[in-house]
Number of protein chains: 2
Amino acid sequence: LDFFFNPRSLAVIGASTTPGKAGFIILKNLLKFGYKGEIYPVNPKGGEVLGLKFYHHISEVPKPVDLAVVVIPRNLVVDAVKECCEAGVRRFIIPAAGFSDDGEEGKLLEKRLVEVASRYGARVMGPNSIGTVNVSSGLVTSFVNLEKPGQGPASLVGQTGLFASAFIQWITSSQNFGLSKVACIGNKCDVDESDVLSYYADDDETGCIGIYLEAVKDGRRFRNAALKALRAGKPVVVVKAGVTEEGAKAASSHTGGLTGNFKVFEGLAKQTGMIIVEDFDQLFTALKSFSFLPTPRGDKLCIITQTGAGGVLSLDVYKRYGLRLARLSEETVRKMRRVFPDWSPVGNPVDMWAAIERSGPDETFSVLINAAMRDPSVDMLLVISVLFKGADFNPSIVVDALDRWGKPLTVCFLGGESLMVNEWSARLEKGGVPTFTSMRDAMLALSVLNKHRLNMLRLRSLQAANPTKQ
Amino acid sequence: LDFFFNPRSLAVIGASTTPGKAGFIILKNLLKFGYKGEIYPVNPKGGEVLGLKFYHHISEVPKPVDLAVVVIPRNLVVDAVKECCEAGVRRFIIPAAGFSDDGEEGKLLEKRLVEVASRYGARVMGPNSIGTVNVSSGLVTSFVNLEKPGQGPASLVGQTGLFASAFIQWITSSQNFGLSKVACIGNKCDVDESDVLSYYADDDETGCIGIYLEAVKDGRRFRNAALKALRAGKPVVVVKAGVTEEGAKAASSHTGGLTGNFKVFEGLAKQTGMIIVEDFDQLFTALKSFSFLPTPRGDKLCIITQTGAGGVLSLDVYKRYGLRLARLSEETVRKMRRVFPDWSPVGNPVDMWAAIERSGPDETFSVLINAAMRDPSVDMLLVISVLFKGADFNPSIVVDALDRWGKPLTVCFLGGESLMVNEWSARLEKGGVPTFTSMRDAMLALSVLNKHRLNMLRLRSLQAANPTKQ
């Protein structure tokens, strides 16, 4: 699949000189992303735009083409793919919808497309696919105007164009985590989730993987690809649509596949260590966490909170996220006591309010967070902050503690003046500390790290039991 | 309780001339909020600040004092309250902690406080209470720097200072809904959740009520207050802490009460129509919805979505939120077809992508949303938008549809460029359409409206069955 992410040259079949048209936006995105390969726009009418000269036909392109994006109406797609194949192209991305997602006629059209491609040994992503993004090579085939996101370990694959459009825009404009690769596989007439997952498992730039799935095309292959990712130590987080009967029916008309039974999928996920989440927002919470934080050594949580209510509510939910409450060592409690008034109790959750009043926020944050992080009975730390002037802390205290002790740590902000929360959040996340404004999201972020730890443990014990089996 | 929200005069016992001190910030907040009554700062050292002259002692204040905020260390509180009582004050807010929230010594102190107050027939809010806010009268007793929030129908009461500090800051700086009243009841040695809930039930400015509860002091009184709110047609949304044993233990050390069994509380909530949510973010989602939207006539949902994945995922969850999927009338489908290409199916969810490509976003949004809203088989509408240039819509189309048809309508944004999403969100919310960036939040917003509808129906059928019983 490497040509889908690292093509040395790319043809845009249906290139356009009209701003706003798909065949124009793709060219513009490629230039903005700094795509390093050759770009060959193709349009029978010829033309030139953005400094790129159009070819009238794929056969006129003077050099080998590793990948073609075919941005033309569905009825013209099959012939165009055939002509490209004859010109030696073997990788295609097909954005047009109206194939197996759209009745009998569409199904026939998709069948013809597959026939043509397989005759030439070509691989097709789509139809109904907005294509791929590779931040490091600058490849982008999306026809939605994008700015280049930051580079990060998270790679995405899914049956939705959102990944290569609105979600990239959202990440680029408001998030502090980056991306490695994106593949929108659409109707997946050929390239499917198993292919891409397997590719990501091998890809050195990919550290964690997010999947949106409506249907699994081949359960056995998917299982193998997921296990391969796990063996590579890469967490796989999945949003599975079609959980209910109605959802399944809708999925089928969206991208033309059968979703199968959700219980079966849950079994598959358990077996292969995939982490199922409910929705896109949870997917990105998990990926942010995996992008920023190390795997914990255990499941024991310490909670340090600026508000009593935060401590009480977090105690109500931590178990649901599969975590245990750390029992702080006597030494840790002794260290923490230094910043508290004499009368104040110190437990877990650590309610820091009295300490802030006595010792000020910076001294309090520094002493409490470092004491908790160095305690061997603490595996991860949740800091609940109520940010207002007078009780605000120096974010570098938290960043330094993460660097120094190497244990997962998140900060949850409850309320507060929004500009201030945004500023603190940016400073923390730029230092590698993920932040959230919902306690459940902050818990989820820690919980998925712990799930990955358990998955890796299970894998190792299986490998130890069956040393011959890979 | 009216003097806790509408005092004609307020004494600040422990007023301070030092910026940053609690006794200074209260005065500053009062001036910023435009408090309409008289302010009497009291400090034995005298002084003057912000144009306010300090009195050396409460007995020097020349006019009757409706409410005193006693911002002094815990050991001085009881004597100060006594002196105020002797000077004729009968309402007190006590911010100091270290009473029943802190061991035997504190419990004794609180007992003495209650004794003194009851001797004079005085009412006390607190201790451990950051006090009250009333947006319309400009009253604010919080010692955290605040800007005045907008006026809205939502009133809050809870055992957390967050409501009168970080959450007001958050609402004022980033939200488009406003507040009516806030009461932080702390250890509730006297004034408790039942008192305030009952007051809010009668309060003309309060339209919906949010509660954060650790312990219920008196189940019977609380039940009656909740029923009173329901009879007044006001939804009551509750975050109940201490759901688990550990949470309950922590709640007890936070504000000194016993949380009781959560199952019992759930029963009470069901009986009185209180809506339980999990956390503060869900509480504010619900209050935003109640602040903006009317009660639906039924539970049948129409989903109009710019992304197929959004449609599929929303079908997976709507049932969990107690909603049903509307079956669009033939007339509605016919009206909708006008903006779609011939081949495109029209169902519920309405996947609008093909229509946007054919008819443009504004025509598509206008035709689809108005067709759905006028359909008698549709009770509420969820619009899932993927906002990017070229597929963006005029927000006033959505606002006008809400005004015209008067059915609940929310917009959920999936991804998109953040400045653009923020701008659209502000324009929609200023027009009364609540927006969300998580599909589950958008569903929750509609679901609580439906729950309130069912509660009102149940109340009416009970009243019909027992016409004599109020």
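Every heavy atom of this structure was used, including side-chain atoms; hydrogens, water molecules and symmetry mates were not. Quick caveat: nothing in here was measured; it's all calculated off a predicted structure. Letters go in sequence order (proteins before strands), and every chain restarts at 1.
- Between atom CG of residue A:Leu146 and atom CZ of residue B:Phe388 there is a gap of 9.5 Å, rounded to the nearest 0.5 Å.
- The most heavy-atom pairs under 4.5 Å with chain A, out of B:Tyr318, B:Phe413, B:Trp353, come from B:Tyr318.
- With sequence neighbours excluded, the residues that form a salt bridge (Lys or Arg N to Asp or Glu O under 4.0 Å) with B:Glu278 are A:Arg320.
- No more than 12 heavy atoms of other residues, nucleotides or ligands sit less than 6.0 Å from atom CD of B:Glu105.
- Most heavy-atom pairs under 4.5 Å with chain A: of the set B:Ile168, B:Leu162, B:Val386, this distinction falls to B:Leu162.
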Steps toward side-chain contact (heavy atoms from CB on, under 4.5 Å) verdict (A:Tyr212, B:Leu313): CA-CA 10 Å; A:Tyr212 169 73; B:Leu313 283 172; 3.9 Å; yes

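- In this structure, chain A has no heavy atom under 4.5 Å from any part of B:Asn145.
- With a 4.5 Å cut-off on non-hydrogen atoms, A:Val421 does not touch chain B at all.
- For the pair A:Phe280 and B:Ala309, the tightest heavy-atom approach, listed with the atom from each and the gap, is CZ-CB, 4.1 Å.
- Within the 4.5 angstrom heavy-atom criterion, only side-chain atoms of B:Leu325, from C-beta onward, approach chain A.
- Residues meeting the side-chain hydrogen bond (donor to acceptor under 3.5 Å, both in side chains) test with B:Ser425, sequence neighbours left out: B:Thr435.
- In this structure, no portion of B:Val317 lies under 4.5 Å from any heavy atom of chain A.
- Ranked by heavy-atom pairs under 4.5 Å with chain A, the list B:Ser173, B:Gly106, B:Ser344 is led by B:Ser173.
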Step-by-step side-chain contact (heavy atoms from CB on, under 4.5 Å) determination, B:Arg440 to A:Gln282: CA-CA 10 Å; B:Arg440 283 168 297 128; A:Gln282 291 192 341; 3.3 Å; yes

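- Of the listed residues A:Ala166, A:Gly103, A:Ala97, the one with more heavy-atom pairs under 4.5 angstrom with chain B than any other is A:Ala166.
- For B:Ala241 against A:Val312, the heavy-atom pair with the smallest separation is CB-CG1, 3.3 Å.
- The local environment of NZ in B:Lys389 is sparse, with at most 12 non-hydrogen atoms from other residues, nucleotides or ligands closer than 6.0 Å.
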Steps toward side-chain contact (heavy atoms from CB on, under 4.5 Å) verdict (A:Thr437, B:Asp281): CA-CA 8 Å; A:Thr437 54; B:Asp281 55 330; over 6 Å; no

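- One distance of note links CE of A:Met439 with CG of B:Asp279; it measures 4.5 Å at 0.5 Å rounding.
- Taking A:Ser174, A:Gly416, A:Ser314 one by one and counting their heavy-atom pairs under 4.5 Å with chain B, the maximum is reached by A:Gly416.
- Around atom NZ of B:Lys21, no more than 12 heavy atoms belonging to other residues, nucleotides or ligands sit under 6.0 Å away.
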